[in-house]
A.B. asks: 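Could you have a look at this structure, given as structure tokens, before my questions?
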Amino acid sequence: MIILGIETSCDETSAAVIAEGKVTANLIYTQQMHATYGGVIPELSSRAHLLKIAPLVRTALTKARVELKDVDVIAVTAGPGLIGSLIVGYTFAQGLALSLGKRFVPVNHIEGHIYSGFLMNPPPEFPALILVVSGGHTLLLNVRSHSSYQILGTTIDDAAGEAFDKVAKLMNLGYPGGPAIQKSSENAVRKNLTFPIADVKGEYNFSYSGLKTSVLRYIQKHFPDEVIPEQEQSEIAYGFQESAVGALIAKTKLALKQGSYRSLSVAGGVAANGRLRERLNELAEEYKLPFVVPAFEYCTDNGAMIAARAASLIQSGIKEFGIQEPFPSFKSVFADAPLIKRS
Ligand code: KG4
Ligand code: ZN
């Protein structure tokens, strides 16, 4: 089976091919122009997807050495994400599938992230505890099988990646903020700054807005003219990263303590964070579980994870994808795309 996976939910245009279970192409085009604005501008994002989608799909097929006629399935992110950006990928993929008579599989973006780990060898064993941390999402999931999972907790305000981006912006470190914060934190020497993070009601939920405010207050108090020496930036970046990662670790540990899992995995852009990987690895060792870390190219938004999720849906015989129309509702992040058995 050859699956073409397309992803355009935010600021990455991606096209990938999975042939007989192997990724043979995974091309990702990251839109750079948002850096000027310190965040993603939806209108610019949609327009850039329009420019890139067709050439990217063509190049991915060439790289995978397959022709469109040989593709069996066309899978695409149906949501959640930026509506204008989603529409570009969705209509492109659906049009392609309709015109060629191919099977069309809409995929939930979060379920796509869950499947990053399943692109690795060995993949996570069920039941798997999976942390999805990106610029738009922070979720802890109990993934029981290919057709059943439970959302244990989520953020009640900002996503983890969003907090990295906002704190980086406070210090003029550029966008995206995650890699900049990590890099700056590596030069910390004192390592004695601590920023409090809220312990949210609801056992596994997260909150990041208070942490961002406490960094803001610290900066306002100590650097009223907004000029922060580089060394001080590093100390702040280190303190912030410890708290941000610490909160993810605390809830992951709680879930491991209270549940029964056979593996631990992580996905999403923040999964690229070295400190988070290090601490999750320690946790997995403590609980004697295999820790499945996706390759960097599968952490950020990518078409391979979308194709992988489509493969699992097909293999587990799920014919009903949960959505009857492309975008029934964008009211909640989970209302607009296929979800299997929520509990
Ligand atoms: O998954 P992703 O590419 O896009 C979304 O779906 O949001 O995640 C992007 C997020 C950004 O917030 C970025 O700052 C964060 O992932 N990120 C990191 C690192 N690399 C990317 N956060 C912390 N440490 C990193 N090394
Ligand atoms: Zn994502």
Side-chain angles (χ1 to χ4, degrees), residues 5-14 16 26 28-32 34-35 37-42 45 49 76-82 85-86 89 107-117 130-139 141 154-155 158-171 173-186 206 208 211-212 237-238 240-249 266-280 293-306 308-309 333-334 336-337:
I6 295 175
E7 155 66 38
T8 65
S9 68
C10 192
D11 58 344
E12 264 97 22
T13 319
S14 180
N26 185 36
I28 305 168
Y29 171 80
T30 300
Q31 302 170 356
Q32 300 290 334
H34 305 296
Y37 308 97
V40 179
I41 309 291
S45 168
H49 286 307
V76 65
T77 303
L82 301 171
S85 302
L86 288 166
V107 170
N108 177 289
H109 183 74
I110 305 299
E111 293 181 9
H113 273 304
I114 292 172
Y115 276 77
S116 304
I130 303 189
L131 182 66
V132 174
V133 269
S134 72
H137 312 284
T138 308
L139 293 151
L141 301 123
T154 185
T155 179
D158 293 349
E162 198 178 349
F164 274 87
D165 294 336
K166 286 180 174 172
V167 168
K169 201 170 176 180
L170 291 176
M171 298 198 283
L173 289 179
Y175 178 86
I181 293 271
Q182 181 177 336
K183 190 157 181 278
S184 173
S185 75
E186 283 158 12
F206 304 91
Y208 277 100
L211 174 60
K212 179 202 67 196
Y238 180 89
F240 161 77
Q241 184 174 268
E242 285 303 297
S243 295
V245 169
L248 296 173
I249 295 298
V266 65
V270 183
N273 185 274
R275 184 66 175 137
L276 177 61
R277 286 173 174 233
E278 184 180 58
R279 294 213 50 200
L280 283 172
V293 202
F296 283 109
E297 66 171 309
Y298 303 139
C299 283
T300 194
D301 291 347
N302 67 91
M305 70 185 195
I306 301 303
R309 177 51 175 156
V333 290
F334 286 107
D336 50 0

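Atoms within a ligand are numbered from 1 in the order they appear, just like the ligands themselves. In this text, all values refer to a predicted model and were calculated from it rather than measured experimentally.
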A.B. asks: Establish, from distance only, whether the side-chain atoms of T30 and Q32 form a donor-acceptor pair under 3.5 Å.
C.D. replies: no
A.B. asks: Number of protein N/O/S atoms less than 2.8 Å from the Zn ion (ligand 2)?
C.D. replies: 3
A.B. asks: Look at ligand 1 and say whether P179 reaches it with a heavy atom at a distance under 4.0 Å.
C.D. replies: yes
A.B. asks: What is the minimum heavy-atom distance between N26 and S14, and which atoms define it?
C.D. replies: OD1-OG, 3.7 Å
A.B. asks: Just which atoms of ligand 1 are under 4.0 Å from any heavy atom in G177?
C.D. replies: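 It comes down to these atoms of ligand 1: 14 (O).
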A.B. asks: Could an N or O of ligand 1 be found under 3.5 Å from any N or O of G178, whether backbone or side chain?
C.D. replies: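 Right, the criterion is met.
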A.B. asks: Would you say ligand 1 has an N or O under 3.5 Å from any N or O of D301?
C.D. replies: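 So ligand 1 has an N or O lying under 3.5 Å from an N or O of D301.
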A.B. asks: Would you check whether H137 reaches within less than 4.0 Å of ligand 1, judged by its heavy atoms?
C.D. replies: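 No, that is not the case, since the closest heavy atom of the residue is not under 4.0 Å from the ligand.
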A.B. asks: Is a donor on one side and an acceptor on the other found under 3.5 Å between the side chain of Y298 and the backbone of A304?
C.D. replies: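 No, the answer is negative, given that no donor and acceptor are paired below the 3.5 Å cut-off.
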A.B. asks: Is it true that a side-chain atom of D165 and a backbone atom of G177 form a donor plus acceptor pair closer than 3.5 Å?
C.D. replies: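 Yes: the side chain of D165 pairs with the backbone of G177.
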A.B. asks: Which ligand 1 atoms are under 4.0 Å away from a heavy-atom of H113?
C.D. replies: 1 (O)
A.B. asks: State, yes or no, whether a side-chain contact exists between M171 and I181 at a heavy-atom distance under 4.5 Å.
C.D. replies: yes
A.B. asks: Below the 3.5 angstrom mark, is there an N/O of G161, backbone or side chain, next to an N/O of ligand 1?
C.D. replies: yes
A.B. asks: Tell me which part of E12 gets within contact of ligand 1: side chain, backbone, both or neither, using heavy atoms under 4.0 Å.
C.D. replies: side chain
A.B. asks: In terms of residue, atom name and distance, what is the protein heavy atom nearest to atom 7 (O) of ligand 1?
C.D. replies: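 The closest one turns out to be G135 N, 2.8 Å.
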A.B. asks: For atom 3 (O) of ligand 1, what's the nearest protein heavy-atom neighbour? Residue, atom name and distance, please.
C.D. replies: T300 OG1, 2.6 Å
A.B. asks: Could you tell me the residue and atom name of the protein heavy atom closest to atom 21 (C) of ligand 1, and the distance to it rounded to 0.1 Å?
C.D. replies: G269 O, 3.4 Å
A.B. asks: Run the salt bridge (Lys or Arg N to Asp or Glu O under 4.0 Å) test against E242 and tell me which residues pass, sequence neighbours left out.
C.D. replies: R275
A.B. asks: Would you mind listing which atoms of ligand 1 come within a distance below 4.0 Å of any non-hydrogen atom of G136?
C.D. replies: 7 (O)
A.B. asks: Taking H49 for the side chain and C10 for the main chain, is one N or O donor matched with an acceptor at less than 3.5 Å?
C.D. replies: yes
A.B. asks: Measure the spacing between CZ of F164 and CG of D158 and express it to the nearest 0.5 Å.
C.D. replies: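 Those atoms lie 12.5 Å apart.
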A.B. asks: For the pair Q182 (side chain) and P179 (backbone), establish whether a donor and an acceptor sit closer than 3.5 Å, ignoring hydrogens and angles.
C.D. replies: no
A.B. asks: Atom 24 (N) of ligand 1: which protein heavy atom is closest, and how many Å away?
C.D. replies: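 Residue, atom and distance for the closest contact: N273 ND2, 3.0 Å.
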A.B. asks: Is there at least one pair of N or O atoms, one from D11 and one from ligand 1, spaced under 3.5 Å apart?
C.D. replies: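 N/O-N/O distance below 3.5 Å does not exist for this pair.
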A.B. asks: Judged by atom type as modelled, is there a donor-acceptor pair below 3.5 Å linking the side chain of T77 to the main-chain atoms of G79?
C.D. replies: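 Judged by distance alone, no pair lies under 3.5 Å.
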A.B. asks: Are the side chain of T8 and the backbone of G89 linked by a donor-acceptor contact shorter than 3.5 Å?
C.D. replies: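 Confirmed, T8 side chain pairs with G89 backbone.
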A.B. asks: With a 3.5 Å cut-off and no angle check, do the side chains of S85 and S45 form a donor-acceptor pair?
C.D. replies: yes
A.B. asks: Measure from the side-chain N and O atoms of N273 to the backbone N and O of A271, and report whether any donor-acceptor pair falls under 3.5 Å.
C.D. replies: no
A.B. asks: Could you tell me the residue and atom name of the protein heavy atom closest to atom 26 (N) of ligand 1, and the distance to it rounded to 0.1 Å?
C.D. replies: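 So the nearest neighbour among protein heavy atoms is Q182 OE1, 2.8 Å.
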A.B. asks: Looking at atom 12 (O) of ligand 1, what's its closest protein heavy atom, distance included?
C.D. replies: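 Going atom by atom, the protein heavy atom closest to atom 12 (O) of ligand 1 ends up being D165 OD2, 2.7 Å.
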A.B. asks: Between T300 (side chain only) and G269 (backbone N and O only), is there a donor and an acceptor less than 3.5 Å apart?
C.D. replies: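 Judged by distance alone, no pair lies under 3.5 Å.
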